[in-house]
Amino acid sequence: MSELLQGWKRTHRCAEISAADVGQEALMMGWAGTWRNLGSLIFIGLRDRSGVMQVVFDESTLPHEVFESAESIRSEFAIAVRGVLRLRKPEMVNKDMKTGEYELEAKELKILSRAQTPPFYIDDGVNTQEQLRLKYRYLDLRRPRLQQILAARHKIMQITRRYYDGQGFLEIETPVLCKSTPEGARDYLVPSRVHPGEFYALPQSPQQYKQLLMIAGFDRYFQIARCFRDEDLRADRQPEFTQIDIEMSFVDEDDVMTVNEGFIAELLREVKGVEVQLPLRRMTWREAMDRFGSDKPDLRFGLELIDVTNEVRGSGFSVFEGAIEGGGSVRCIRVPGGAEKFSRKRIDELAEFVKTYRAKGLAWLGMKSEGMQCSFAKFLSPAQLAAVIKKAEVETGDIVFFIADANEETVFASLGALRLELGRSLGLVDESRYELLWVTEFPLLEWDEEEGRFMAKHHPFTSPRDEDIELMETDPGKVRAKAYDMVMNGSEIGGGSIRIHSPELQERMFKAIGFSHEAAWKRFGYFMEAFKYGTPPHGGLAFGLDRIVMQLTGTGNIREVIAFPKIQTAACLMTEAPGPVDDKQLNELHIRVDADA
RNA sequence: GGCCCGGUAGUUCAGUUGGUUAGAAUGCCAGCCUGUCACGCUGGAGGUCAGGGGUUCGAGCCCCCUCCGGGUCGCCA
């Protein structure tokens with residue numbers, strides 16, 4: 001049965017003790033992680049969020065009832081122990097344990113709560129199916145690793161508040177029940193009881209509110225904001241996630257980048273003890289794509305892309321020719337010393353791999369000491385081959401992988417992914433390094449085949465670069481934005497832009513993405529109305545808190561950094577949300593469910 | 001929506017070409033044990049092989065469907 005505390009007060013957490021506490025009475029509470037019964041001596045590994053303390057029950061010195069009670073302790077019982085903290089004898093020290101020099105010699109015991117045998121061991125070393133761990137998330141969270149990650153997350157949030165407060169930012173909350181703005185990700189909708197047939201949307205980000213706060217004169221705003229997007233999940237994407245949201249007035253790109261790179265530098269200093277050189281390196285989007293095939297390049301290793309379009313032009317090799325004539329390119333990656341490392345089987349695997357990214361195939365050239373092997377040599381003249389080898393700086397022992405496509409995006413996507421795969425599989429990524437940069441000058445607009453119109457790449461309030469404004473009507477695809485992403489080790493951890501603050505320019509932007517004046521006003525009327533009342537030049541950015549925590553704790557799975565995450569189908573295995581609701585609730589909301597649809 | 005991977009004691013896994021009663025480790029239960037820390041020793045319990053259908057004399061294994069979970073492409077202003 002469960003015992004009551006009856007005035008017992010904890011004096012120490014299990015691992016929060018020091019030499020000065022030795023010989024003193026201590027009262028600890030926590031969970032029995034391990035239990036070893038030696039007959040008339042019982043050892044309990046008492047665990048709380050700070051760590052583990054060994055507790056000893058000695059039959060020879062304890063009242064019978066206390067020892068008998070201790071004998072009943074099993075895994076994960078919640079217990080309270082009053083005892084004396086002792087130094088262990090030297091031969092009994094456990095060097096693998098943070099508190100291995102100490103133990104708590106029990107005098108009194110309260111079994112606060114018994115536990116069923118848990119469905120899996122509460123231990124970092126155990127690799128239980130995530131499905132089961134998520135169903136019993138409260139047990140999973142008892143594992144030291146997850147406790148550490150959530151403690152790190154807490155620390156990061158506290159540093160965030162301290163840093164931005166120190167820089168004169170005000171933390172202001174914005175609504176969670178918002179108006180739906182069906183441009184961009186799918187919204188989560190919330191039905192209105194009071195307004196039959198109408199819906200709120202959960203925010204994809206506080207974008208418009210924070211801009212309105214700038215119009216309202218708050219100058220520097222931040223918020224640790226929960227955001228929602230009803231899109232498919234990934235290893236680094238959850239339907240609800242947290243962003244550190246920032247907006248500033250009377251600023252241009254440099255101002256925003258300077259303040260926010262200072263934040264990341266402080267985070268790395270305090271959490272990882274890593275000094276980051278400021279200002280951060282900046283790279284235009286164009287350069288990032290050309291060199292790394294990605295707008296979030298991982299700079300911890302080389303294997304840069306090389307453009308050999310000109311070298312292979314007119315070769316008669318239909319794959320290359322088709323790509324070039326279709327307006328695309330032929331690019332490659334040279335793996336130094338890789339000629340002997342790639343079997344035909346492995347090359348075939350990589351060819352399959354790039355097909356995931358719509359590449360049609362993977363050409364290759366291996367410069368072995370006994371001669372060159374090349375999947376397309378017979379199609380190229382010796383002079384062209386020589387030109388390719390020169391451009392790619394191929395040396396003996398190297399292997400080069402080529403991708404050609406009429407669609408540049410396919411070349412970049414597949415070769416960029418191949419670069420990451422090669423870097424990982426060849427062990428070229430130095431996990432101890434933190435490589436940060438800003439990627440700048442993103443395109444303002446992207447052509448959308450499906451919609452048959454240009455769409456805002458970032459969002460429709462992003463400002464074009466001054467020198468490109470004139471292209472908005474003549475060559476929209478060429479317009480660059482005042483947009484910037486912060487990238488850490490190949491992960492986009494934040495992104496933002498300078499916003500349009502002129503109503504006239506905003507109208508041109510809406511026009512560029514195919515919104516009529518009326519359509520734009522219908523959707524964003526309140527927003528555009530506000531812009532008529534003296535809008536300061538402003539801009540900001542949002543960091544993905546979850547991704548930052550992932551980076552700083554070295555986990556590749558976003559579910560590890562969120563206390564109660566969702567699975568791939570956006571469900572919660574513990575609460576079984578989402579679930580059906582009563583007809584009464586539906587009636588009140590004026591909703592009828594068509595289960596067959 | 002597409003592609004790929006996975007689901008066998010509580011847990012992690014093994015399970016041969018389709019062949020007797022599905023195994024191991026660990027956990028769990030009981031007993032013994034005064035320095036364990038992967039405690040040890042003795043004994044015991046524990047299985048809808050994810051579910052359904054099919055092929056077969058015979059299915060954990062082969063085929064089909066479904067469910068559950070993961071990765072990924074599309075998607076993510």
Side-chain angles (χ1 to χ4, degrees), chain A residues 33-45 52-62 67 74-76 86 88-97 99-100 103 105 116-123 125-136 139 181-187 204-205 207-208 227-239 241 349 352-359 410 413-414 417 421 442 444-446 448-451 454-462 481 483 492 495 497 509-510 513 515 523-524 544 556-557 559 567-569 571 573:
Chain A
T34 58
W35 59 281
R36 291 182 201 87
N37 186 336
L38 274 60
S40 48
L41 203 58
I42 298 171
F43 297 96
I44 303 288
V52 176
M53 171 61 65
Q54 172 162 287
V55 179
V56 194
F57 293 89
D58 186 340
E59 188 174 30
S60 64
T61 63
L62 284 173
F67 192 79
R74 293 293 180 275
S75 287
E76 301 307 315
R86 301 268 185 228
R88 299 195 202 179
K89 289 179 187 162
E91 65 271 23
M92 295 165 190
V93 167
N94 184 342
K95 292 188 181 64
D96 298 329
M97 218 174 139
T99 61
E103 65 187 11
E105 186 186 329
Q116 287 187 28
T117 303
F120 50 88
Y121 312 137
I122 314 294
D123 186 84
V126 174
N127 186 29
T128 306
Q129 282 210 10
E130 198 181 5
Q131 204 171 339
L132 192 70
R133 290 170 41 206
L134 289 175
K135 181 178 175 186
Y136 299 96
L139 296 178
T181 55
E183 176 86 345
R186 266 189 289 271
D187 284 326
Q204 297 175 24
S205 91
Q207 183 62 36
Q208 282 150 53
C227 304
F228 306 84
R229 292 180 191 175
D230 187 5
E231 295 292 346
D232 287 352
L233 285 74
R234 287 287 188 283
D236 63 352
R237 249 162 46 189
Q238 283 272 302
F241 59 98
E349 278 173 14
E352 280 305 308
F353 173 81
V354 295
K355 281 177 186 168
T356 318
Y357 301 88
R358 294 200 207 164
T410 301
S414 53
E421 170 60 23
F442 277 77
L444 182 72
L445 303 161
E446 257 178 337
D448 187 305
E449 277 304 330
E450 223 172 283
E451 298 266 326
F454 278 101
M455 307 258 286
K457 187 171 172 69
H458 191 49
H459 56 60
F461 316 112
T462 300
E492 179 200 328
S497 63
M509 178 65 181
F510 279 132
I513 59 174
F515 279 27
R523 267 183 203 184
F524 302 112
N557 175 347
R559 294 180 297 279
I567 59 167
Q568 202 168 71
T569 57
L573 288 178

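To find a chain, count down the sequence lines: A is the first, B the second, and so on, and within it residues start at 1. Excluded from the calculations below are hydrogen atoms, water molecules and symmetry mates; all remaining heavy atoms, backbone and side chain alike, are included.
Looking at Phe228(A) and Phe241(A), their side chains never come closer than 4.5 Å, going by heavy atoms from C-beta outward.
Of the listed nucleotides (U11(B), G70(B), C75(B)), U11(B) has the atom at the smallest distance from the side chain of Phe120(A). For Thr128(A), the listed nucleotide lying nearest its side chain is U11(B); candidates were U11(B), G74(B), G35(B). Of the candidate nucleotides G10(B), C28(B), G35(B), G10(B) has the atom nearest to the side chain of Pro119(A). Listed nucleotides: U11(B), G71(B), C37(B). Nearest to the side chain of Asn94(A): C37(B). Relative to the side chain of Leu41(A), the nucleotides U11(B), G74(B), G35(B) differ in distance, and G35(B) lies closest.
When heavy atoms are screened at a 4.0 angstrom cut-off, Glu91(A) is found touching no nucleic acid atom at all. Glu103(A) comes within contact range of at least one nucleobase, with a heavy-atom separation under 4.0 Å. Residue contacts shown for Arg133(A) are absent, as no nucleic acid heavy atom lies under 4.0 Å away. Using a 4.0 Å heavy-atom cutoff across all strands shown, Asp96(A) reaches no nucleic acid atom at all. Heavy atoms of Ser40(A) sit under 4.0 angstrom from at least one base atom. No engagement by Lys89(A) is indicated, since no non-hydrogen atom pair under 4.0 Å with the nucleic acid exists.
You can call Phe43(A) stacked on the base of U36(B); the centres are under 5.5 Å apart and the planes sit within 30°.
For the pair Arg559(A) and Glu130(A), the salt-bridge criterion is met [side-chain N within less than 4.0 Å of a carboxylate O]. Checked for salt-bridge contact, Glu446(A) and Lys457(A) meet the test: a charged N lies under 4.0 Å from a carboxylate O.
Between the side chain of Arg229(A) and the backbone N or O of Pro239(A), no donor-acceptor pair lies under 3.5 Å.
Using the Watson-Crick or G-U wobble rule with both distances under 3.5 Å, U26(B) pairs with G10(B).
The same atom, C1', is picked in C75(B) and in C28(B); the two are 47 Å apart, to the nearest Å. The gap from the C1' atom of G44(B) to that of C49(B) amounts to 24 Å, rounded to the nearest Å. Across the C1' atoms, G18(B) and G31(B) are found 44 Å apart, a figure rounded to whole Å. For the P atoms, the distance from C3(B) to A45(B) is 47 Å, rounded to whole Å. Comparing the P positions of G23(B) and G60(B) gives a spacing of 13 Å, expressed to the nearest Å.
Take the nearest nucleotide of RNA chain B for Val56(A) and for Ala456(A): the residue whose nucleotide is more 5' is Val56(A). Where Gln131(A) and Thr181(A) each meet RNA chain B at their nearest nucleotide, the meeting point lying more 5' is that of Gln131(A).
Residues Phe524(A) and Phe510(A) place their aromatic rings such that the two centres sit under 6.0 Å apart.
Residue-to-nucleotide contacts include no donor-acceptor pair under 3.5 Å from the side chain of Gln129(A) to the base of G70(B). The base of C29(B) does not come close enough to the side chain of Arg74(A) for any donor and acceptor atom to sit less than 3.5 Å apart. Judged by atom type and distance alone, Ser60(A) reaches the base of U34(B) through a side-chain donor-acceptor pair under 3.5 Å. Put simply, the side chain of Arg237(A) and the base of C76(B) share a donor and an acceptor less than 3.5 Å apart. Judged by distance alone, with hydrogens and angles left aside, Gln54(A) brings a side-chain donor or acceptor within reach of the base of U36(B), the pair sitting under 3.5 Å. Looking at Arg88(A), its side chain comes within 3.5 Å of the base of C37(B) through a donor and an acceptor atom. A donor-acceptor contact under 3.5 Å is not formed by the side chain of Tyr357(A) with the base of G74(B). No hydrogens or angles were tested; on distance alone, nothing pairs the side chain of Gln116(A) with the base of G10(B) as donor and acceptor under 3.5 Å.
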